[in-house]
Chemist: 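Provided herewith is a single structure, encoded as structure tokens, for subsequent inquiry.
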2 protein chains.
Amino acid sequence: MRTLSTIEHEERKRRLLQAVIHQYIKTGKPVGSAFLAGGRSLDLSPATIRNVMGELEREGYLTHPHTSAGRVPTDKAYRFYVDSLVDLQRLAIKEEERIRQEHESRIREINELMLSTSKTLSVLSNYTGFVTAPGVDQSRLQHMELIPLDAHRLLAVMVSDTGVVKHRQVVFEGPYPRELLEPLEQTLNQRLRGQPFTRVRETLLDHIEAIHQRQMDMLEFARHVTEEAFAPGESADIYVEGAGNILSLPEFSGPDDLRQLVHVLDEKRALGDLIREEWGVQGSGARFPAVRVSIGSENRSPDMKNVSLISSCYTLGDRQVGVLGIIGPKRMEYSRMMNLVNQMAQAVTTALNRMVGGPHE
Amino acid sequence: MRTLSTIEHEERKRRLLQAVIHQYIKTGKPVGSAFLAGGRSLDLSPATIRNVMGELEREGYLTHPHTSAGRVPTDKAYRFYVDSLVDLQRLAIKEEERIRQEHESRIREINELMLSTSKTLSVLSNYTGFVTAPGVDQSRLQHMELIPLDAHRLLAVMVSDTGVVKHRQVVFEGPYPRELLEPLEQTLNQRLRGQPFTRVRETLLDHIEAIHQRQMDMLEFARHVTEEAFAPGESADIYVEGAGNILSLPEFSGPDDLRQLVHVLDEKRALGDLIREEWGVQGSGARFPAVRVSIGSENRSPDMKNVSLISSCYTLGDRQVGVLGIIGPKRMEYSRMMNLVNQMAQAVTTALNRMVGGPHE
DNA sequence: TTTTGGCACTCCAGATGTGCGAGTGCTAAT
DNA sequence: ATTAGCACTCGCACATCTGGAGTGCCAAAA
């Protein structure tokens, strides 16, 4: 029989590995040599396959659960698999339609958009879907309003250019100078429009003496309002849906793995940090690979060593303002899921830009 | 031996039942006659105890998991047990302190109050804690503001007397008459202040012709704003914390029970309805029993047949505006938990009233 | 009449054993 | 380089066994 060149050999190995992973993803059970020999794409005997699998195991792509079980892909194998999925072949039109239908109905507010998005992700993937709301870090103040509530409380309403509305009560010990409300509001709007949220507080406190031109009263008033309104608050607006889905998977039978996972989902703050970290590292500089995949131990959090995270970001203009994605088992249909996440990211981007731009822009 | 009167007999039975439940709550394992005989409070032989337990079983208070296991309390037994816990003896001062400390720090906004409350409940109980935000049904509109965003969008901000702020974008097809903003705002505030939220929409739409006095333009404008601003939106503001806690309990080992439960917690909307229903039935009319307990099958939802729900409501003035509580296994330390929930309800009531009333009232 | 000790009985839980099948690794033949 | 064949290894499912915990009932004691 003809001698195989090293290149051909490697190529075959790769094909075999893909077959193993593919099969394992489908069934979730360790896959043995006999089965693969049965499939038509590889035309080899079980014995040969065994040899190759042996190699792959030595190179760290496969493992045995125990001596006489089939092979199971390692994280390294998944990584290889995902990397080779550059194609990202278009979803069948049908599925694309499905996404639209499921998602596009009645979203008018940011809040609804987030809710709808996480739910859609969860339903279509059958795993856990999440979205982070447009981050305060990335947004700029567009408008600010001070609404008097009573003699010693007023409500500061802040609207960001991403369409997110935040509000905050400002409480005074005694009655505040009501007549200064409007002038202050004007000043604030003048100075703050377009400022990134993160800096708004310091900038303003730094330059607040400029207000002094008017009145001594105003100074204290302005300072207090600023302090309170822009005090760092609860962050981590993250929407999670379908946490239950993931629990019904066979691989999470042990109550230990399971609890870990729920713990992650429970601690939304932590989850938010994790996701932001994932996307924060390399800024929007790199021509973005659109969809990122973290497999098992590649994740920062050890609690997520048994799951994979597929995420993408959505943008407003050219700023990436939020992240969305799904959390599922390591063995999942990566190509479909990556597509789903990708589509959703685009959908959200579109929706967001239209919402903020208004219907006529 | 002396004859026992029926009364004495019943009394003993009761004591025995309590002992069984108590023990089962502690250990989670079926309790047998021998064990109870060992305890000093009952001074009876195992045989006698068996007899009595037999009776209790026939009356539906106890069951066998299988022929030769100890007895396990039924829902009926738990109900009995809870009903007999009228005492609600004060928590040890220490624990009361703990609640204060854990909870009272830095809550200034309703949102933070809710967050902090559910978290506190969860941490102190080690189960799952929840709070429903002050219901829209129970609140009245206190103030309303219309903030122009751009040529065809404005933001309606509504403040309820419970301190909850809602906002909503109103989008116009074309530009709206900006000069009518202030008059409309005034009119709205005049007519709507003090109206219950639930009715605000119809009332206004009914009487909207009254505005007609001014201008024809105004009519359409006002109608559109009203429609959009008060359109029924996402309801179910419910905060849930510590969903993970409950999963680590031995009784939820089977993935089936477990998934049910997570499902409930996942579907916050459903959970909210459930809870509201629980408290909606008999209005605030009855001198309120402060803390309510639903055990297993007493719950409306079949998904909750394996857990108990301990809840109480908090009030603003004399209106009960929200519900809080914990979800835990049927076998839990009812007296302690009921106390906890009770305390928390009082704490939230205090905080809420102070917040809304302001620091000087 | 009530309580109690005794006893037979039941049934689960855990330990132990067995056969089977799936899958491997190696070697010798092709 | 590939393949067939074969011995070997384990885990899994199943049956079997056994100890113990707990019951129900009965007859004796209080």
Side-chain angles (χ1 to χ4, degrees), chain A residues 1-13 15-17 19-20 23-24 27-39 41-59 61-73 250-251 253-254, chain B residues 1-13 15-17 19-20 23-24 27-59 61-74 250-251 253-254:
Chain A
M1 198 167 265
R2 184 175 81 76
T3 299
L4 247 59
S5 72
T6 320
I7 303 224
E8 283 170 309
H9 184 82
E10 285 300 313
E11 165 61 22
R12 191 179 64 183
K13 218 156 77 179
R15 286 240 307 277
L16 180 59
L17 179 54
V20 172
Q23 184 57 23
Y24 183 71
T27 66
K29 279 191 266 292
V31 12
S33 56
F35 179 90
L36 290 183
S41 56
L42 288 315
D43 204 11
L44 299 169
S45 78
T48 314
I49 293 181
R50 277 202 291 281
N51 285 333
V52 183
M53 293 215 287
E55 278 184 65
L56 284 167
E57 179 157 4
R58 256 165 276 129
E59 294 170 25
Y61 288 101
L62 296 177
T63 1
H64 273 148
H66 53 87
T67 343
S68 162
R71 301 305 216 284
V72 166
E251 41 260 85
S253 49
Chain B
M1 195 167 264
R2 184 176 80 75
T3 297
L4 247 60
S5 72
T6 319
I7 302 223
E8 282 168 312
H9 184 82
E10 285 299 313
E11 166 61 20
R12 191 180 62 184
K13 218 154 78 178
R15 284 239 309 277
L16 180 59
L17 179 54
V20 173
Q23 184 57 24
Y24 184 71
T27 66
K29 281 193 264 293
V31 10
S33 57
F35 179 91
L36 291 181
R40 43 214 97 287
S41 56
L42 289 313
D43 204 11
L44 299 170
S45 78
T48 315
I49 292 181
R50 278 202 290 281
N51 287 333
V52 182
M53 293 215 285
E55 278 184 67
L56 284 167
E57 179 157 5
R58 256 164 277 131
E59 294 169 25
Y61 288 102
L62 296 177
T63 1
H64 273 148
H66 54 85
T67 347
S68 163
R71 301 309 216 281
V72 166
T74 63
E251 41 260 83
S253 48

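All chains are named by letter (A, B, ...) in the order of the sequence lines, taking the proteins before the strands, and each is independently numbered beginning at 1. Only heavy atoms go into these numbers, but all of them, side chains included; no hydrogens, no water, no symmetry mates.
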Chemist: For the pair made of CG in A:L62 and P in C:dT24, what is the distance, rounded to whole Å?
Modeler: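 Whole-Å distance recorded here is 10 Å.
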Chemist: Please answer whether the main-chain N or O of A:L44 pairs with a side-chain N or O of A:T48 as donor and acceptor at a distance below 3.5 Å.
Modeler: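 Here the side-chain-to-backbone pair does not exist.
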Chemist: Could you check whether B:R58 pairs with B:E55 (Lys NZ or Arg NE/NH1/NH2 to Asp/Glu carboxylate O, under 4.0 Å)?
Modeler: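 Salt bridge between B:R58 and B:E55, a charged N being under 4.0 Å from a carboxylate O: no.
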Chemist: D:dT3 C1' sits how many Å from A:N51 CG, rounded?
Modeler: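 These atoms are roughly 9 Å apart.
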Chemist: In whole angstrom, what separates B:L44's CG from C:dG5's C1'?
Modeler: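 So the CG-C1' distance, B:L44 to C:dG5, works out to 14 Å.
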Chemist: Whole Å only: how far is the CD1 atom of B:I49 from the P atom of C:dT2?
Modeler: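 Distance, rounded to whole Å: 17 Å.
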Chemist: With the side chain counted from C-beta on, respond yes when A:L62 and A:V20 share a heavy-atom pair under 4.5 Å apart, and no when they do not.
Modeler: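 SC-SC contact between A:L62 and A:V20 confirmed.
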Chemist: Which residues, if any, of residues 29-36 of chain B bring a heavy atom under 4.0 Å of DNA chain C?
Modeler: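 Listed by number, there are none.
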Chemist: Could you state the CE-C1' distance from B:M53 to C:dT4, rounded to the nearest angstrom?
Modeler: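 About 15 Å, once rounded to whole Å.
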Chemist: Round to the nearest Å and state the distance from A:E57 atom CD to C:dG25 atom P.
Modeler: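 Result: 7 Å.
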Chemist: Nearest-nucleotide wise, let me know which of B:T48 and A:G70 is further upstream toward the 5' end of DNA chain C.
Modeler: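 So the residue in question is B:T48.
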Chemist: What's the separation between atom CG in A:L17 and atom CD in A:E10, rounded to the nearest 0.5 Å?
Modeler: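 If I round to the nearest 0.5 Å, the distance is 11.0 Å.
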Chemist: Would you find a donor on one side and an acceptor on the other, under 3.5 Å apart, between the side chain of B:T74 and the backbone of B:Y61?
Modeler: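 Yes.
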Chemist: Less than 4.5 Å apart, side chain to side chain, heavy atoms only: is that true for A:V31 and A:R71?
Modeler: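 No, too far: nothing below the 4.5 Å cut-off.
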Chemist: I want to check one thing: is the phosphate of D:dG24, taken as OP1 and OP2, less than 4.0 Å away from some side-chain N or O of B:R71?
Modeler: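 For D:dG24, OP1/OP2 do have a side-chain N/O of B:R71 under 4.0 Å.
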Chemist: Quick one: B:E55 CD to D:dG24 P, roughly how many Å, whole number?
Modeler: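 Roughly 12 Å, once rounded to whole Å.
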Chemist: Between B:E10 (CD) and C:dT2 (P), how many Å, whole number?
Modeler: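 Roughly 13 Å, once rounded to whole Å.
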Chemist: A:A34: what forms a side-chain contact (heavy atoms from CB on, under 4.5 Å) with it, not counting sequence neighbours?
Modeler: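 A:A34 satisfies side-chain contact (heavy atoms from CB on, under 4.5 Å) with no residue once adjacent residues are dropped.
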Chemist: What does nucleotides 6-15 of chain C look like as a protein-contact string, B for base, S for sugar-phosphate only, - for none, at under 4.0 angstrom between heavy atoms?
Modeler: B---BSS---
Chemist: Roughly how far, to the nearest 0.5 Å, is CG of A:N51 from CG of A:L56?
Modeler: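 Reported value, rounded in 0.5 Å steps: 11.0 Å.
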Chemist: Any heavy-atom pair between the side chains of A:K29 and A:V72 that's under 4.5 Å?
Modeler: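 No, their side chains stay 4.5 Å or more apart.
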